[in-house]
Amino acid sequence: MLSRRTAGLVAAFLAGLALVVVAVLVVRQLTAASKPELPVVPEARRPVVEIAARVCSMLSVPLLAAQIDAESGWRANADSGQAQGISQFAPDTWKEWGRDGNGDGKADVWEPRDAIPSQARYMCHLYKMVKVIPGGSTRLGSTRLALAAYNAGPSAVIRARGMPQLNETRGYVHKIMHDLLPKYRKAEKTYQESEAKHRSTKRGTATPSPSSPPSSDATASSTALSPAPDAATEPRPTAPGVAAPTTRRPR
């Protein structure tokens, strides 16, 4: 009789303990901070961003993506009143740097396939310009100053001989360098790993004929996506102490 009663108490204790454990796990699951989602390059924009990132060695897909995110949140119709389009060009800057990227015969600031490559060319120019400014000779320093010049205008960076004392510009650079860029780097690493796995799987399952010629569509696509040189039309870097011909956001 005693042993049966003891067994019942033990069973009740174990059942209660199990309920407590389950309750703790549920509460922990509900209260645990959810892992923040990483930003991604929109699928429709990836081809042009990847091509634009090859314009010069200082650029990368994560950097251009983080900059576009900060500028417009990937909205092609973004209009701040001072700057326009997905890459937020001021009208005067677009007149100098806007290029026809999609081959329709016109440079349209509202067309991402025109604006993003133009953004890349302009950034490459700004990288060259800030090399002569203190702190601009390192990759990190030149990126910070090039972004500042994109936001405040090259003349503001030249006058300041570094980062301008402008809250908007400092906040812009900080947001890209310390928030968006690290996230886009992680997202790009995940994307590239996924693509590599996908290509590996396709190679393992596909059985193409060794005598089959390459697809003409694939060849045409590769040719269309190759970045065209634009050195002849790129203005030379601005010398220290000389105002740049245009600024992105005149002040």
Side-chain angles (χ1 to χ4, degrees), residues 45 48-49 51-53 55-56 58-59 63-102 104-133 136 142-173 175-176 227-251:
R45 305 295 177 228
V48 69
V49 172
I51 291 172
V55 173
C56 66
M58 301 301 290
L59 300 181
L63 176 60
L64 289 178
Q67 188 178 16
I68 293 170
D69 195 325
E71 289 287 352
S72 65
W74 295 98
R75 293 179 295 114
N77 63 347
D79 188 349
S80 69
Q82 292 181 313
Q84 302 168 328
I86 194 169
S87 299
Q88 289 289 280
F89 275 94
D92 286 345
T93 310
W94 181 255
K95 285 179 183 178
E96 182 177 358
W97 289 96
R99 300 289 186 275
D100 172 21
N102 64 351
D104 66 355
K106 63 179 181 178
D108 184 358
V109 72
W110 305 106
E111 169 55 64
R113 291 173 295 176
D114 293 351
I116 295 174
S118 299
Q119 169 193 347
R121 292 187 185 97
Y122 187 41
M123 279 294 291
C124 291
H125 165 70
L126 295 175
Y127 267 112
K128 294 176 183 177
M129 186 201 73
V130 301
K131 279 184 178 180
V132 298
I133 297 175
S142 62
T143 297
R144 292 177 68 253
L145 292 178
L147 289 171
Y150 194 97
N151 178 264
S155 59
V157 175
I158 292 173
R159 286 195 302 268
R161 299 290 292 161
M163 184 67 64
Q165 297 293 324
L166 299 171
N167 290 335
E168 177 192 336
T169 300
R170 288 174 174 267
Y172 170 83
V173 173
K175 180 178 181 180
I176 292 175
D230 196 34
T233 59
E234 179 179 302
R236 285 178 291 182
T238 307
V242 179
T246 61
T247 61
R248 178 170 168 274
R249 294 194 178 114
R251 295 183 179 272

What heavy-atom pair brings [X] and [Y] nearest, and what distance separates the two atoms?
X: A152; Y: L166; value: CB-CD1, 3.9 Å
X: M58; Y: L63; value: O-CD2, 4.0 Å
X: V55; Y: C124; value: CG1-SG, 3.7 Å
X: Q82; Y: P91; value: O-CD, 3.5 Å
X: A148; Y: V157; value: C-CG2, 3.9 Å
X: L145; Y: M163; value: CD2-N, 3.6 Å

(request) For the pair R99 (side chain) and W97 (backbone), establish whether a donor and an acceptor sit closer than 3.5 Å, ignoring hydrogens and angles. (result)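 Yes; at least one donor-acceptor contact below 3.5 Å.
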
(request) For the pair Q67 (side chain) and L147 (backbone), establish whether a donor and an acceptor sit closer than 3.5 Å, ignoring hydrogens and angles. (result) no

(request) Compare all side-chain heavy atoms of Q88 with those of S80 and state whether any distance is below 4.5 angstrom. (result) yes

Listed partners of [X] passing side chain to side chain contact (heavy atoms under 4.5 Å, CB included), at least two apart:
X: A107; result: W94
X: A146; result: M123, L126, Y127
X: N102; result: D100, D104, E111, R113, D114

Enter the distance from [X]:[atom1] to [Y]:[atom2] here, rounded to the nearest 0.5 Å.
X: W110; Y: R75; atom1: CH2; atom2: CZ; answer: 10.0 Å
X: K95; Y: D92; atom1: NZ; atom2: CG; answer: 5.5 Å
X: Q119; Y: Y150; atom1: CD; atom2: OH; answer: 4.5 Å
X: I116; Y: I51; atom1: CD1; atom2: CD1; answer: 10.5 Å
X: D69; Y: L64; atom1: CG; atom2: CG; answer: 12.5 Å
X: E71; Y: S87; atom1: CD; atom2: OG; answer: 7.5 Å

(message) Taking CG in N167 as the centre, count heavy atoms belonging to other residues, nucleotides or ligands within less than 6.0 Å. Is the count above 12?
(response) no

Only counting residues at least two apart or in another chain, list the ones meeting side chain to side chain donor-acceptor pair (under 3.5 Å) with [X].
X: Q84; result: none
X: R45; result: none
X: S118; result: none

